[in-house]
Protein chains: 2
Amino acid sequence: MDTFELKKVGLKATLPRLRILEIMERNADRHLSAEDVYKALIDAGEDVGLATIYRVLTQFEAAGIVERHNFDGNHAVFEIAKGPHHDHMVNVDTGHVIEFFDEEIEKRQRAIVEAHGFDLQGHSLVLFVKNRT
Amino acid sequence: MDTFELKKVGLKATLPRLRILEIMERNADRHLSAEDVYKALIDAGEDVGLATIYRVLTQFEAAGIVERHNFDGNHAVFEIAKGPHHDHMVNVDTGHVIEFFDEEIEKRQRAIVEAHGFDLQGHSLVLFVKNRT
DNA sequence: ATGAATGCAAAAACTTTGCATGACG
DNA sequence: CGTCATGCAAAGTTTTTGCATTCAT
């Protein structure tokens, strides 16, 4: 049960939160918008409000349970925070999202930030790609 | 005069477009929202509509005159497309944006995309940093 | 029991669009 | 002059908020 997962981060184990967490886990390989989660729950016969999805996903983000991304500037998508950090490649033809990790890039980022006298808090890297013709 | 700059990319040299281009050039070191540009023009006594700012900035983007960024997911900012490509560092304490370029990162990006069998169309890299305490 | 969480509807924030008028080439 | 661009206002999207009710502990 995910109940413990929620209590662990100080969130009451309410039904909507459990359902949303289930959806996110069941779609661990995808990036879902708030609307996507909402539709999935409505389709499953749950009685939930879109506002709750937004509120809960924001709480999950703060708790480190999910990550929020803005691949396009129009709407946010969420993915469950599974294991190690990774960045994303978006296929502009299909919309598909591919995950990748490159230690070299991570290392350079840290070096650059150091050199400017800052601490790195986080980063967002998205590569926009096309199928090779 | 910027008239030629506009005609060069196939845009009629209208007054609003010239004014907007001026603002962008005068603030080449900043990242302005559509609202910022709008206010600057209103303050300068120009009679312009916010819708025009959005339309023109979108055209400028398509023409390669400006670049659009989404540092946060809430609103777009624009900067004049000056010289060579660069990425951005956002100071989360102050909101300041610092530009940087790293050939190593660029190179790795190309290599990663190659390895996945794609063509790189573009990328978005933002480092979120904090003042060292 | 009691404070937190929810659903609904309304509002907010940003951006786009329809249309009549006005400006560019 | 014909067309394209503009301003205004209205509509569209996505996300947030207020409030009465319900739920978890």
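The sequence lines fix the lettering, A, B, ..., with proteins before strands; numbering per chain opens at 1. Here the structure is a predicted model, which means the values were calculated and not measured.
When each of B/R68 and A/D47 is assigned the nucleotide of DNA chain C with its nearest heavy atom, A/D47 is the one assigned upstream, toward the 5' end. Across the interface with DNA chain C, nearest-nucleotide mapping of B/E35 and A/V48 shows A/V48 to be the residue nearer the 5′ end.
For B/T14, no side-chain nitrogen or oxygen approaches OP1 or OP2 of C/dA23 to under 4.0 Å. Phosphate proximity of C/dT16 to B/Y54: absent, as no side-chain N or O sits under 4.0 Å from OP1 or OP2.
Atom NE2 of A/H75 is separated from atom C1' of D/dT15 by 13 Å (rounded to the nearest Å). Atom CG of A/L11 is separated from atom P of C/dT6 by 9 Å (rounded to the nearest Å). Atom-to-atom, CZ of B/R19 to P of D/dA5 comes out at 18 Å; the value is rounded to the nearest Å. Atom OH in A/Y38 sits about 14 Å away from atom C1' in D/dT15, given to the nearest Å. Straight-line distance from the CG atom of B/D72 to the P atom of D/dT15: 12 Å, rounded to whole Å. The interatomic distance linking A/I20 (CD1) with C/dA5 (C1') rounds to 11 Å, in whole Å. Straight-line distance from the CG atom of A/L41 to the P atom of C/dC8: 13 Å, rounded to whole Å. Atom pair B/D36:CG and C/dC14:P shows a separation of 11 Å (rounding to whole Å applied).
Using a 4.0 Å cut-off between charged nitrogen and carboxylate oxygen, B/K82 and B/E99 count as a salt-bridge pair.
The side chain of A/K12 lies closest to C/dA5, out of C/dG7, D/dT6, C/dA5. Taking only side-chain atoms of A/R55, from C-beta outward, the nucleotide of D/dT15, C/dC8, D/dT25 with the closest atom is C/dC8. Of the candidate nucleotides C/dT16, D/dT6, D/dT16, D/dT6 has the atom lying nearest to any side-chain atom of B/V56. Nearest nucleotide to the side chain of B/A13, out of C/dG7, C/dG25, D/dG7: C/dG25.
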Could you go step by step and tell me if B/E104 and A/R108 meet the salt bridge (Lys or Arg N to Asp or Glu O under 4.0 Å) rule?
CA-CA 7 Å; B/E104 192 61 39; A/R108 289 299 304 153; 5.7 Å; no

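A distance below 6.0 Å separates the ring centres of A/F71 and A/H31. In summary, the aromatic rings of A/H88 and B/H123 are positioned with their centroids too far apart to meet the 6.0 Å limit.
No contact: B/A34 has no heavy atom under 4.0 Å from any strand. Contact annotation for A/R17: backbone-only contact, meaning every heavy-atom pair under 4.0 Å involves sugar-phosphate atoms and none involves a base.
Considering all non-hydrogen atoms of both residues, A/L57 and A/V66 come closest at O-CG2, 3.8 Å.
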